[in-house]
Amino acid sequence: MKSTIIFGLTFIAALMLEGLVFPSDLIWYKPEWTLLVILYWVIALPFKVGVGIAWFLGLLVDLLQGGVIGQHSLTYVIVTAACASLYKRLRMYRRWQQSIFIFLLISINQLVGFWIDHYAGDADPTLMIFMPAVVSAILWPWLFVLLRSIRRLYSIQ
């Protein structure tokens, strides 16, 4: 029960950060908060947080951002499945090595999301689509330490 409450609170915090309005000049630098939190929990506790939660949170992000329904769900499921299949290896990496892997996963998320947006006629080709992956990878070590300390504080296993 305690772990469910902590999961819920961290996901709510991530969704609140996801809903922050950025100035139009800085929109490319907005990190993928919800996906970062999902990836942390998948690496830390892959048998409690997985593809189903990623799909549900992706739907919530779609509703929050007003995009194509199912777009974030699809990308979150793809990235979460890839992360879940490699979680044992990811645990052994140093934080900077994890950041590189997080960059790759969020780049996949951004690329698939761009393809969906481009197909819907909402996006123009630009390399700036990868900037949220860069920012998210830079934030990963601090977010990892924060969430790990929360997990240890409440003894979630």
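Computed from heavy atoms alone, side chains included, the values below leave out hydrogens, waters and symmetry copies.
Atom OG1 of Thr75 is separated from atom CD of Glu32 by 7.5 Å, given to the nearest 0.5 angstrom. A distance of 10.5 Å separates CD1 of Ile102 from OG of Ser107, quoted to the nearest 0.5 Å. With rounding to the nearest 0.5 angstrom, the CG atom of Leu74 is 13.5 Å from the CD1 atom of Ile69. With values rounded to the nearest 0.5 angstrom, Leu90 atom CG is found 6.0 Å from Gln98 atom CD. Taking OG1 of Thr10 as the reference point, atom CH2 of Trp41 lies at 5.5 Å (rounded to 0.5 Å). Distance CG/Leu35 to CD1/Ile106: 5.0 Å, rounded to 0.5 Å.
Leu57 and Leu9 fall into different hydrophobic clusters, where Ile, Leu, Val, Met, Phe, Trp and Tyr side chains are chained together by heavy-atom contacts under 4.5 Å. One hydrophobic cluster, built from ILVMFWY side chains closer than 4.5 Å, cannot hold both Tyr154 and Phe47; they sit in different ones. Ile100 and Leu139 are not part of a single hydrophobic cluster, where members link through side-chain heavy atoms under 4.5 Å apart. Under the 4.5 Å side-chain contact rule for hydrophobic residues, Ile27 and Val134 share a cluster. Connection of Phe56 to Met16 is not established within any shared hydrophobic cluster, with ILVMFWY side chains joined at heavy-atom distances below 4.5 Å, either directly or through further cluster members.
Between the side chain of Ser99 and the backbone N or O of Ile138, no donor-acceptor pair lies under 3.5 Å. Distance alone, capped at 3.5 Å, is enough to place a donor-acceptor pair between the Arg91 side chain and the Ile43 backbone. With hydrogens and angles ignored, the 3.5 Å screen pairs a side-chain donor or acceptor of Ser73 with a backbone N or O of Leu59.
For Leu26, the side-chain contact (heavy atoms from CB on, under 4.5 Å) criterion is met by Phe22, Pro23, Tyr29, not counting sequence neighbours.
Residue-environment remark: CH2 (Trp28) exceeds the threshold of 12 foreign heavy atoms within 6.0 Å. Atom CG of Leu153 is surrounded by more than 12 heavy atoms from other residues, nucleotides or ligands within 6.0 Å.
Residue Ile38 forms a side chain to side chain contact (heavy atoms under 4.5 Å, CB included) with just one option from Thr80, Val79, Val51, and that option is Thr80.
Side-chain atoms of Tyr76 and Asn109, non-hydrogen and from C-beta on, do get closer than 4.5 Å to each other. Looking at heavy atoms from C-beta onward, Leu45 lies in side-chain contact with Phe7 at the 4.5 angstrom threshold.
The heavy-atom pair separating Lys30 from Pro132 by the smallest distance is O-CB, 3.4 Å. Considering all non-hydrogen atoms of both residues, Leu105 and Ala82 come closest at CD2-CB, 3.9 Å. Residue Cys83 comes nearest to Val42 through the heavy atom pair SG-CG1, 3.9 Å, listed as atom of the first residue, atom of the second, then distance. Nearest heavy-atom pair, Ile116 versus Gln71, reported as atom, atom and distance to 0.1 Å: CD1-CG, 3.8 Å.
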Quiz item: Please walk me through it: do Ile108 and Leu111 pass side-chain contact (heavy atoms from CB on, under 4.5 Å)?
Solution: CA-CA 5 Å; Ile108 292 168; Leu111 191 59; 5.7 Å; no
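Pairs engaging residues 132-152 under the ring pair (Phe, Tyr, Trp, His ring centres under 6.0 Å) rule: Tyr40-Phe144, Trp140-Phe144 [sequence neighbours left out]. Pairs passing the side chain to side chain donor-acceptor pair (under 3.5 Å) check and including a residue from residues 59-68, sequence neighbours excluded, read Glu18-Gln65, Asp62-His72, Gln65-His72.
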